[in-house]
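Predicted model only: the values in this text are computed from it and were never measured. Just the heavy atoms: all of them, side chains too, but no hydrogens, waters or symmetry mates, feed the values below. Residue numbers start from 1 in every chain, and the chains themselves are labelled A, B, ... in the order their sequence lines are given, proteins ahead of strands.
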Amino acid sequence: MIKIKNLNHTYKYCSKAAVKNINLHIKNGENLVIIGSSGSGKSTLLKLINRLLESSAGSIFIGEDDILNVTAKKAEKIRGRIGMIFQNFNLIERDSVIKNVLNGRLRYLSDFDTIIGRFRKEDYFIARESLDIVGLAEYENKRIMDLSGGEKQRVAIARTLSQKPDIILADEPVSNLDPRLMREIMDLLKDICIKNGITLVTSLHFLDFAKRYGSRIVGLRDGEIVFDGKPDSLTDENILNIYGNGNNWHINANV
Amino acid sequence: MYNVVNLKLFLKQKYKGFLIGLFIVIVYYWAIDGTDISLFNFINGFPFMIDFFKRMFPPDFNNLGRFLIKAVETLQMAIVGSSLGALIALPLSFLAARNIAPNKFIYHIIRTIFDICRGVNEVVWGLIFVSMVGLGPFPGVLALTVHVTGALGRYFSESIETVNPEIIKAIISTGASKIQVIIRGIFPQVKPLFINYALYYLENNFRTATVLGLVGAGGIGMELLTSMRLFKNKEVLTILIIMVSMVLLIDRMSAYIRNKIIRVESFN
């Protein structure tokens, strides 16, 4: 369960708040999609949920703990339960697929074992199992730089899965992919989360995708929540309110 | 007032190129004047140079065995000096990288240490260590180690400052500790650069190690100095042939290692 109370964040060297007065309650196993134009605060909100950004006002409860107000060490522990998927995949390009996926197991490893590179048999087993789930079991020893965009995002999902997370935050996970791959990746992510009871919070730029994949939609405009409800309850007026007049939100999810 | 400003701007733009050109000419005139450069002396000196080379031929291979042993000693100095320097520089460089350093104080301290180590030439370090531990390869190794620590430390820390912060965020988001982020998020990104710099310094250090011999810090340089002082020009040529062959060999070997470890992408 994620409970966000009166959350505000302003970036250094920027006078305008990136997110303002956010109050949000996300239930376990929920599939929530955050929509909004570029710069509306989607990424900021996701990065705040696992405290990748510091110096914010308010609180974010992950279960019992307020991640914004615990020690750095405790924040690491909480982060371990939250997987994150990024728009640019953020993998180590020169390393092999398995090495990247094993990074998801770091929370279970001591610093000493990390320095000497000793992962347990169980870690390899779970990393391989995660690769199998995303359909890349044969790719274990390939280098990331030799993979396509869609394959890279699958590796990133496998890295997150090997963490065995309770929550997955996906920050525009399909923005760098073509429409066919967009659907493939979103289907995969949704299926995995439903099967494993993982709470999924995704930020998406395109409305059609949000409607198709989310069971609940939150619309952000200038850092504030301007819509929160089921996809079917989203009216044209709401859409206009979220995106403004620019018609930059449309892409056909059924391509 | 408006017109005066405009006139100033006009003059500034018109004469800007001329003033820059004039400045460059003055700097070069000053530098050349101070270095006694003389084409006349250069051309006149050719017969002496030819005579010097003539006296070197044919090379004298009588002491080849001894020279080869000393050349190997020089290589050993380069290997130990470069490796020790790289090993010391590696952990320190993380403390001297702006994006990782625990605080500004430590950052400045380590950076200053690197600058001192790097700023003093290897030969000067050689002289210092010869007076400290006596003649032989050991002071040479120390001189190389200190200089390489400074040079590689600086390069390593600057490479660390250029890593992709988004990848670091991805590793942090897995719940990794600070040390784990460094080992699994930062190090893999800078590893190819580190290997490149370390190999470059290995090549470089073999050449430097020969010079270190000239100040008594072991290796083939000491043989070169002895033969030159005794006017054994034919032996000097033998030593030069050994040195050049070994430099070429090391360059090829490190290029091979570099390609094996770091896959070089081809654009063909």
Side-chain angles (χ1 to χ4, degrees), chain A residues 43 46-47 49-53 72-96 99-117 119 143-146 155-156 159-165 167-169 171, chain B residues 86-95 98-104 156 159-160 162-199 257-268:
Chain A
S43 280
L46 286 185
K47 282 176 185 153
I49 293 178
N50 64 355
R51 202 168 129 183
L52 281 185
L53 295 171
K73 204 75 207 156
K74 179 79 180 166
E76 279 168 16
K77 284 240 154 22
I78 301 171
R79 253 186 231 122
R81 285 157 44 204
I82 310 172
M84 190 153 188
I85 297 162
F86 301 82
Q87 183 180 349
N88 296 321
F89 326 124
N90 294 350
L91 300 161
I92 314 263
E93 289 278 322
R94 284 179 176 271
D95 274 354
S96 66
K99 233 176 158 180
N100 272 280
V101 177
L102 278 170
N103 283 340
R105 302 295 301 163
L106 290 175
R107 64 181 280 218
Y108 302 97
L109 217 65
S110 69
D111 284 348
F112 179 73
D113 281 342
T114 310
I115 291 168
I116 61 169
F119 284 88
R143 287 213 211 194
I144 299 297
M145 54 163 61
D146 296 328
V155 176
R159 174 176 66 191
T160 302
L161 283 182
S162 67
Q163 253 177 272
K164 296 271 172 202
I167 300 162
I168 291 181
L169 307 172
D171 186 9
Chain B
L87 278 177
I88 299 168
L90 184 66
L92 288 179
S93 61
F94 285 93
L95 299 173
R98 225 177 296 239
N99 50 347
I100 308 292
N103 58 54
K104 273 190 179 171
F156 284 179
S159 317
I160 294 166
T162 64
V163 293
N164 181 351
E166 290 301 309
I167 293 177
I168 299 177
K169 273 186 195 149
I171 304 295
I172 293 174
S173 77
T174 65
S177 69
K178 273 186 182 155
I179 290 174
Q180 287 178 323
V181 172
I182 290 172
I183 303 287
R184 303 287 295 193
I186 297 170
F187 187 64
Q189 288 191 65
V190 290
K191 195 171 70 180
L193 278 174
F194 280 18
I195 292 169
N196 250 339
Y197 287 138
L199 284 173
I257 296 168
R258 195 177 283 128
N259 283 339
K260 277 278 158 192
I261 299 175
I262 311 158
R263 195 176 66 187
V264 180
E265 297 300 311
S266 163
F267 291 103
N268 297 322

key: Structural part of B/Ile183 lying under 4.5 Å from a heavy atom of chain A   = side chain
ask   = Would you say B/Asn164's side chain and B/Glu166's backbone share a donor-acceptor pair under 3.5 angstrom?
value = yes
ask   = Between B/Tyr197 and B/Phe156, what is the ring plane arrangement, given parallel below 30°, perpendicular above 60°, and tilted in between?
value = tilted
note = If one checks every heavy atom of A/Leu91 against chain B at 4.5 Å, the contacting part turns out to be backbone
ask   = What residue, out of A/Lys99, A/Lys47, A/Arg51, has the most heavy-atom pairs lying under 4.5 Å from chain B?
value = A/Lys99
request  = May I ask you to check whether A/Gln163 and B/Thr174 show a side-chain donor-acceptor distance below 3.5 Å?
outcome  = no
message = Within the structure provided, determine whether B/Phe187 and B/Phe194 are in side-chain contact (heavy-atom separation under 4.5 Å).
response = yes
inquiry  = Pairing donors with acceptors under 3.5 angstrom, does anything connect the side chains of A/Asn50 and B/Ser173?
reply    = no
note = One option among A/Thr160, A/Ile82, A/Asn103 has the most heavy-atom pairs under 4.5 Å with chain B, and it is A/Asn103
ask   = Of the backbone (N, CA, C, O) and the side chain (C-beta and beyond), which part of A/Arg159 lies under 4.5 Å from a heavy atom of chain B, both, or neither?
value = side chain
